[in-house]
Amino acid sequence: MRVRMKVDGVTYEDEVQPRTLLTHHLRDGLGRVGTPIGCDTSSCGACTVDIDGESVKSCSVLAVQADGSTITTIQGLSGAENGDSSTWHPVQKAFQEHHGLQCGYCTPGMIMATVDLLKRNPSPSEDEVRHGLEGNLCRCTGYQNIVKAVLSAASELRGEGPLPGSFQDAPENDTAQTPAAETAGAPA
Amino acid sequence: MTDQMDAGIVAQQIAEHPDALSKPYAGGELGRGRRRKEDAKLVTGQTNWTDNISLPGLLHMTVLRSPMAHAKIVSVDVSAALELPGVIAAYSGADLADVMGASMPCAWPVTPDMVSPVHTPLATDEVRYVGDGVAVVVARDRYAAADALEAIAVEYEQLPAVVDMEEALKPGAPLVHSDKGTNQCFLFDFPGAGADYAETVRGAGDDAVVVRRRFRQQRLLPTPMEPRGVVVAPIAAADEFTMWSTTQIPHVLRVMLALTTGIPEHKLRVVAPDVGGGFGAKLNVYAEEILALVVARKLGRPVKWTESRSENYQATTHGRDQIQDIEIAATKDGTLLGLKVELLADMGAYLQLITPGVPVLGAFMFPAIYKMPSYHFTCTGVFTTKTPTDAYRGAGRPEATYAIERIMDELAAELGRDPMELRRQNWITHEEFPYEMVAGLTYDSGNYEAATDKAEQMFDMAGLRREQAERRERKDPVQLGIGISTFTEMCGLAPSRVLGSLSYGAGGWESASVRMLPTGKVEVVSGATPHGQGHHTAWSQIVADSLGVPFEDVELVAGDTRSSPKGMDTYGSRSLVVGGVAIHKATGKVIEKAKRIAAHLLEASEDDLDFGKGTFSVKGSPEAKLTIQEVALATFAAHNLPDGMEPSLDSDYVYDPENFSYPHGTHLCAVDIDTETGFTKIRRYVCVDDVGKIVNPVIVEGQIHGGLAQGIAQALYEEAVYDAEGNLTTGSLVDYLVPAAPDLPHFDTGRTETPATSNPLGVKGVGEAGTIASTPAVINAVVDALRPYGVDDIDMPATPERVWRALQGSDEERATAGTVSYGGSSTGSTGGSASSDSLENDGSAR
């Protein structure tokens, strides 16, 4: 079957099998491999993309169902595919600034789901963030820094600026929020 | 720069591109929370996962897997599959028998008489677990390859499944490997380095209190978010191969592939591209890696295999799965007398790379942080018709830590003591290090008091205990439980000599090379292979600190046997402690060489040179100086070097650690349990970890968080369940509960810093700490909440149903199955005086 879709700003027209999953069409057909696959039961959310303004697990949609739609993947979220982090979406920036990723396999889906979550709820509580991302699994971070990243991105998208990040640029501006270590001495 | 130094055209060009030159080193790189260099590609989707790799003419391989736990293969007919459009080839195990190798490797024969069954990448005569490979198909695309599996006809003759370890050991039990005559893989007996356990307890007479428990380490599914995959590109005419694999161990894999398939090692290049988590499940040599290699070799065409998650759950190694019978003895005042541990460890159907070594590694960890004169450990490895087990985050140490920390609480309850006070009474005090443990290890450093004091303060232990008493008093339907885990672990695997003494098939060293480029930038080559840990960032910090070059000027080369040719890879919290130290030592050699050249160029004696923040300067003449980057450029030009000096600063170091490292910490957990529904909610989780000196505190904290999540998941959520026929009933992410964000609490983390004395960086490793410590903290909290109801143990995961049932049960049902009495009493109490009769009456309790 013939499908036409706009993916990350480019229009593609292709022949696909009726059974081809959108996620396979994106990856194998269009070479948009920034969106990974983590399961076969639509449980993990790694393959989340934006279809016509809504976040969708691309393994739960057939390519033919996406005919005529406009799709944004993680690769189309930032302004440019180069080393210039100033073009990143605030959610992408926040995931780095708050160490919201380790191996990074869940990250594309986590970021795409967050973008959608913050559109629907620009001022989520920590609890609302946790429940809002329930459909996206991460095995590395324990979610705590993901939650921080999402709250920070929300603040930035509201125009209130990001929350203080975790990292330290240089010795002269150590503003880290990391826990202080105490040199262990004799107990009190 | 001195006038002797003329690097000609390069210097001129660098002068025209000042950005290419290094900025001065600002200092303070170790311990700084640097932004991760890894993140740019990961947050923008420019990652190179194995399944992203596409090559001209790439074929897709799929594996037909056994739907039965145990059966004879009567026949395999692939002919119909070959007729399907797009199918290039299909092979049964018999078809590949002469090329796929005699058996896949197990590198850890833990006893000389260990039973090591033949394990071929495809089964040829019998299948022995659901998921065992039977045939492969190679087709033009992944859909055609999947379709073709259905066209393969296999005739099976069903054999009995072997699911339960204790049943498997009974005489007359059906055999997993009939040619071996037994389901027992090995019996590992380790009497410790101290006194005899039974004699010690007997010697204490009536003063001995003995508590025994049976704990179950349920089977877990490691579940890295990236499933496994492999791509093999052959150069058929030259019989050369490049393999990309989702592996933690490209270097070990290459050696093993060569030994298994007979393809010469130097004709194999193995690459671990970006790897999406491992947790031990990618620390192996897998059937599909061998199959993709031999099929690509046969066809002379590139082949890719990517597993689905459901396939991952059947065909990728599982973790844990032990039955632990543990007995602890103390005098009535609470001083420990000793520990006896008898493990049953489920190997599954075959031995993977280090399957038998995982429970045996636990032998050294059961005594944990406690002083005791006697210890005895035995472990029986058992074959069952299930997916093989192997390393999963912690690998042997979480199991041991769980058992000792659980039984310390039970001993405290038996003695009527506060569980933390009992621990304080018995742990090694900070003045006593280095301390030789009853299990034979020497702990180099630690300060359990400091970590505990800080944790209790952060936790508000006193306040929570008060609240608990009030809620118990007023019979609040939501009860508060408080759990403790004061853990240690052995990290930095490992001194090669120790591994040799344990019959492990390889060493425990790690390799590093540091290359100074002409422009002053640095490439650091490491044999550790990252898959989410942040090596690019942390190794840059170590190199920047040692050489005095900017963090931004360092690049890591790793994970490819062509460009980082030597390594032992990443597992067991070893990357920093072994690989990081190797890097540090290699930079020391670079500085030594650079110093000789700097002295020559500055016309000074080497002894008169100081080196700091990347600059060599002449003592007493601060104007006479050269940066290490200037020396690198002069070395590249090589116009004016000391006589006989090799024109290179590049240096290698292979570091073999002298000792393990011993991170420790105190984890405290408060749970609210709704006694009407059995639902457990973690209300507060505080941990203070001492992982020695820190390279990057943000990365360290992230490792702790992720470790906690996996340890808590074992306590409350995850369990791989097999039915009586040997089917994995939790075979997808729908049925296996990997926690999502709402299932986990906020963690309050703190640190103390007691440097390791066994390595020059003072580091200890952090990858597994959270997982090891958290499981017993949570279950101790659950049992603490339920103890007033007569509950003294609960199986993991402590689901609402299990908690509710424990609360509903009669007194008898609540009492732990493994609880026995000594001294001839049969009251079912948890303790009593020891007698020699009962000590020898081991079989009755099992």
Side-chain angles (χ1 to χ4, degrees), chain A residues 17 19 28 31 33-41 43-44 46 73-75 78 81 83 85 88 92 95-96 99 101-108 111 129-131 133-134 136-147 166-168 170-171 176 178-179 181-188, chain B residues 26-28 32-36 38-40 42-47 49 52 141 143 223-227 275-277 279 308-310 430 447 449-451 453-454 531-534 690 694 697-698 701-702 705-706 708-709 732-734 738 740-742 744 746-747 749-754:
Chain A
Q17 294 181 44
R19 62 175 176 169
D28 298 343
V33 292
T35 301
I37 302 170
C39 73
D40 46 10
T41 48
S43 307
C44 80
T73 77
I74 189 72
Q75 288 169 282
S78 49
E81 288 190 30
S85 63
W88 293 358
Q92 289 173 307
F95 269 69
Q96 171 165 52
H99 192 28
L101 67 153
Q102 290 179 30
C103 85
Y105 199 80
C106 75
T107 307
I111 288 176
V129 171
R130 285 182 182 271
H131 283 277
L133 294 176
E134 198 165 18
N136 291 72
L137 297 177
C138 169
R139 196 59 158 166
C140 293
T141 65
Y143 301 103
Q144 185 152 320
N145 287 344
I146 290 177
V147 173
S166 302
F167 293 97
Q168 302 153 287
T178 53
E182 286 171 8
T183 301
Chain B
R32 178 177 311 289
R34 280 289 191 183
R35 265 174 202 77
R36 292 207 322 165
E38 290 83 350
D39 291 344
L42 297 171
V43 300
T44 55
Q46 297 173 59
T47 325
W49 310 118
N52 291 4
D141 67 74
Y143 283 44
T223 321
M225 289 316 300
E226 179 198 31
V275 176
F279 312 114
S308 69
R309 177 62 60 190
S310 306
H430 70 280
N447 192 328
E449 302 94 314
D453 290 347
K454 187 170 178 181
H531 42 283
Q533 292 85 353
D690 193 322
I694 299 286
V698 184
E701 200 187 354
H705 288 173
L708 293 175
S732 79
L733 271 170
V734 172
V738 169
L744 291 169
H746 180 90
F747 313 118
T749 59
R751 275 196 284 118
T752 55
E753 196 170 301
T754 311

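Residue numbers begin at 1 in each chain, while the letters A, B, ... track the order of the sequences.
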Chain B shares the most heavy-atom pairs under 4.5 Å, among Gln102(A), Gln17(A), Gln144(A), Gln96(A), with Gln144(A)
OH of Tyr143(A) to CG of Leu708(B): how many Å apart, nearest 0.5 Å?
-> 14.0 Å
Taking Arg130(A), Glu134(A), His99(A), Gln92(A) one by one, which has the highest count of heavy-atom pairs under 4.5 Å against chain B?
-> Arg130(A)
Expected output: side-chain Arg139(A) to main-chain Met225(B) donor-acceptor under 3.5 Å | no
Examine whether an atom of His746(B) lies under 4.5 Å from a heavy atom of chain A, and if so say whether it belongs to the side chain, the backbone or both; otherwise answer neither.
-> both
Here the pair of heavy atoms bringing Gly45(B) nearest to Ile74(A) is CA-CG2, 3.7 Å
Atom of Phe747(B), atom of Gly142(A) and distance for their closest heavy-atom approach = CE1-O, 3.8 Å
Give, as side chain, backbone, both or neither, the part of Ser308(B) having an atom under 4.5 angstrom from any heavy atom of chain A.
-> both
Can you tell which part of Leu744(B) gets under 4.5 Å to a heavy atom of chain A, answering side chain, backbone, both or neither?
-> both
Distance in Å, Arg36(B) CZ paired with Ser166(A) OG, rounded so as to fall on 0.5 Å steps | 12.0 Å
Contact origin within Glu38(B) toward chain A - heavy atom pairs under 4.5 Å = neither
So how far is it from Ser85(A) OG to Arg35(B) CZ, rounded to the nearest 0.5 Å?
-> 8.5 Å
Do Trp88(A) and Thr44(B) have side chains that get closer than 4.5 Å, going by heavy atoms?
-> yes
Who wins among Asn52(B), Leu42(B), Thr223(B) for the most heavy-atom pairs under 4.5 Å with chain A?
-> Asn52(B)
His531(B) side chain near Cys103(A) side chain, heavy-atom distance below 4.5 Å | no
Using a cut-off of under 4.5 Å on heavy-atom pairs, state which of Asn136(A), Ile111(A), Asp28(A), Val147(A) scores highest against chain B.
-> Asp28(A)
Could you tell me whether the side chain of Asp40(A) and the main chain of Ser310(B) form a donor-acceptor pair under 3.5 Å?
-> yes
Choice from Ile37(A), Thr107(A), Thr41(A), Leu133(A) maximising heavy atom contacts with chain B below 4.5 Å = Thr41(A)
Contact summary for Tyr105(A) and Pro227(B), nearest pair of heavy atoms | OH-CD, 4.0 Å
